[in-house]
Amino acid sequence: MSVAVEKNNFTKDLIQSIDPAQFKTAADQRKLALEKLIAIGLPESKSEEYKFTPITRLLSKQFEPNEIGRAYPSAANNLAELMDEADRGHCVVFVNGAYDSKLSQLDNIAQVTIESLTDALESHSALVIDQLSRANESVDPFALLNNAQWQEGLFINVSRNSKVERPLVIYHLFDASNSKVAAHTRLFINIETSAEFSVSEKTNSIGSHSIFHTFNEDIIVNENASFKYTKIQNDPGRLIQVNNTTVQQHKSSRADTYTFTLNGKLIRNNLNILIDGEGCESHFNGLYLLDGDTLADNHTTVDHKKPNSFSNELYKGLMDGKSKGIFNGKIYVRPHAQKTNAFQSNRNILLSDTATINTKPQLEIWADDVKCSHGCTSGQLDTEALFYLQSRGIPKATAKAMLLYAFAGEVLETIQDEELKVYLDNLVSAKLHKSF
């Protein structure tokens, strides 16, 4: 049997194994998502959006179709060891895709309401159902798979005019000690008018079996609100993860997102910024430090729908070993979005002959009074700078780490939270000294 036939059979069998009727919530939205998934199918080698990311082939090698939708409870007692001590008291924890009330520890935050997405479908029905319906407009097959199969989710509401000083940490922990794990989780955040809120998301696991995780997040940043979001991907196991994050901004709001990919088997991040109000400001930064056979694929979209807005994007990557980096950044400026300023930059360094990078910045502009630019670079470490440092008595390994840290430091410097910056600085420094 050819590889193509095997993959087609896997896709067909996976879709046939999905049964939205097993879930009691959001039945109509789940059914619609499944119908679209049937029409689109999982991405194959000719899929433009996934042509450098063979996720379907990898899944077909590591999972049976009916394993993708099964729930996998964890029996581990030491998952708390995967969490950072500083996060205790202010974190939400998912274990194998399920909300864990014992590991989750929340200080009394009067301004923030956190409830299960199932309960939110009743208490905030119009808002949540509308957002779930909007999610089905996606053309990403794994977003649709999540919409049809999500097992558990959370609804987070930040009240009007509030300022939450400390970031809420969301953990995705996986116990793959005894079996493979597949999980599909949902997150919906609503930041009301003039509120300020920050989220840090961390992924970690134990065990040597394969893990497949889809995670859909929908974030609404209402008028004059501010949102900071940091995604830290440093899983040491065999994680295959697809993230679909949509941030919808309204008038005079601000969103800052940071994506740090340091480890994992295959990581796909789809970040969509919808600027749907005047006077919005968006900053999104990414850093991927890859070695071994890790594959990290960052797809970003910024859609300027209203005038007088500003977006700035910087993604940087270091690839060593047989690792592979992919960056695809799209900027849309709609006809009525005059006075838009939009900038995009992707820079990469290849540290081995077997590492690869595929980068594709894109601009589509239908307005004439705008300032927009994009660019990308790929190359090797500066040998002259390395020689200069060595000539000053610095060992080669240390000199190399210094140059790489300076390259990565531009992204770290954009972080305003000093405690978070120190934490990430330590992670990046350890990664550069250990793996590069």
Side-chain angles (χ1 to χ4, degrees), residues 8-43 55-56 59-60 62-75 92-101 104 114-155 170 172-176 178-188 209-218 239-244:
N8 288 334
N9 286 346
F10 177 81
T11 299
K12 180 180 177 181
D13 292 344
L14 170 59
I15 291 175
Q16 288 181 342
S17 71
I18 297 174
D19 180 17
Q22 67 179 303
F23 301 101
K24 297 179 180 180
T25 57
D28 292 340
Q29 287 74 25
R30 292 180 188 275
K31 183 179 178 181
L32 179 59
L34 179 58
E35 290 173 354
K36 288 198 66 176
L37 181 59
I38 291 172
I40 295 174
L42 295 185
I55 187 169
T56 302
L59 288 173
S60 67
Q62 301 192 16
F63 287 88
E64 294 297 324
N66 61 355
E67 293 177 326
I68 297 298
R70 187 188 307 169
Y72 296 83
S74 170
V92 169
V93 183
F94 290 95
V95 176
N96 289 2
Y99 174 70
D100 191 304
S101 58
S104 299
I114 301 177
E115 58 186 318
S116 74
L117 199 52
T118 301
D119 294 338
L121 282 167
E122 298 180 5
S123 59
H124 305 270
S125 57
L127 181 64
V128 177
I129 289 176
D130 179 66
Q131 201 64 23
L132 288 174
S133 299
R134 285 173 178 268
N136 281 331
E137 298 174 4
S138 173
V139 295
D140 183 83
F142 295 102
L144 296 171
L145 174 64
N146 182 284
N147 289 341
Q149 287 284 89
W150 61 272
Q151 296 149 347
E152 288 199 36
L154 286 182
F155 173 82
I170 299 174
H172 298 284
L173 305 181
F174 300 98
D175 175 16
N178 300 318
S179 67
K180 304 171 187 176
V181 175
H184 311 282
T185 47
R186 292 287 273 120
L187 180 68
F188 180 29
H209 292 281
S210 297
I211 303 167
F212 175 51
H213 182 220
T214 68
F215 182 43
N216 283 14
E217 4 181 35
D218 295 281
L239 175 67
I240 304 168
Q241 187 176 57
V242 183
N243 299 282
N244 278 281

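Every residue two or more places apart in sequence or in another chain that forms a side-chain contact (heavy atoms from CB on, under 4.5 Å) with Glu115 is listed here: Thr113, Asp119, Ala120, Ser123, His124, Phe155. Thr214 is linked by a side chain to side chain donor-acceptor pair (under 3.5 Å) to Asn146, His184, counting only residues two or more places apart in sequence or in another chain. For Ser138, the side chain to side chain donor-acceptor pair (under 3.5 Å) test picks out no residue, with sequence neighbours left out. Take Ser74 and apply the side chain to side chain donor-acceptor pair (under 3.5 Å) test, not counting sequence neighbours, and it matches Asp175. With sequence neighbours excluded, the residues that form a side-chain contact (heavy atoms from CB on, under 4.5 Å) with Leu154 are Val92, Phe94, Tyr99, Ile114, Leu187. When the side-chain contact (heavy atoms from CB on, under 4.5 Å) test is applied to Asp28, no partner is found at least two apart in sequence or on another chain.
To the nearest 0.5 Å, atom CG of residue Leu42 and atom CG of residue Leu144 are 10.0 Å apart. Atom CZ of Phe212 and atom CZ of Phe142 lie 5.5 Å apart (nearest 0.5 Å). Separating the CZ atom in Arg70 from the CD atom in Gln149 is a distance of 12.0 Å, to the nearest 0.5 Å. To the nearest 0.5 Å, the span separating CD1 on Ile15 from CD on Glu35 amounts to 12.5 Å. If you take NE2 on His172 and CG on Leu239, they are separated by 10.5 Å, rounding to the nearest 0.5 Å. Rounding to the nearest 0.5 angstrom, the gap separating the CG atom in Leu145 from the CG atom in Asp140 is 9.5 Å.
In terms of heavy-atom proximity, Gly41 sits nearest to Pro141 at O-CB, 3.4 Å. Of all heavy-atom pairs between Phe63 and Ala182, the closest is CE2-CB, 4.4 Å. Between Ala33 and Ala148, the shortest heavy-atom contact is CB-N, 3.9 Å. When all heavy atoms of Asn244 and Val242 are compared, the closest pair comes out as ND2-CG1, 3.9 Å.
Between Leu32 and Gln29, the closest side-chain pair of non-hydrogen atoms is not below 4.5 Å. You'll find the side chain of Leu59 reaches within 4.5 Å of the side chain of Ile240, heavy atoms only.
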| said: Using the rule given for side chain to side chain contact (heavy atoms under 4.5 Å, CB included), can you reason through Phe174 versus Val95, listing the C-alpha separation, both sets of side-chain angles and the distance that settles it, and then say yes or no? | reply: CA-CA 6 Å; Phe174 300 98; Val95 176; over 6 Å; no
| Could you walk me through whether Asn147 and Leu34 pass the side chain to side chain contact (heavy atoms under 4.5 Å, CB included) check? | CA-CA 8 Å; Asn147 289 341; Leu34 179 58; over 6 Å; no
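Checked against His213 for a side chain to side chain donor-acceptor pair (under 3.5 Å), the options Asn96, Asn243, Thr185 give a single hit: Thr185. The only option from Lys180, Glu67, Gln62 that meets the side chain to side chain donor-acceptor pair (under 3.5 Å) definition with Ser210 turns out to be Gln62.
Cation-pi geometry between Arg186 and Phe215 is not met: the NZ or CZ atom fails to fall both under 6.0 Å from the ring centre and inside 45° of the normal.
The backbone N or O of Ala143 sits less than 3.5 Å from a side-chain atom of Asn216, completing a donor-acceptor pair.
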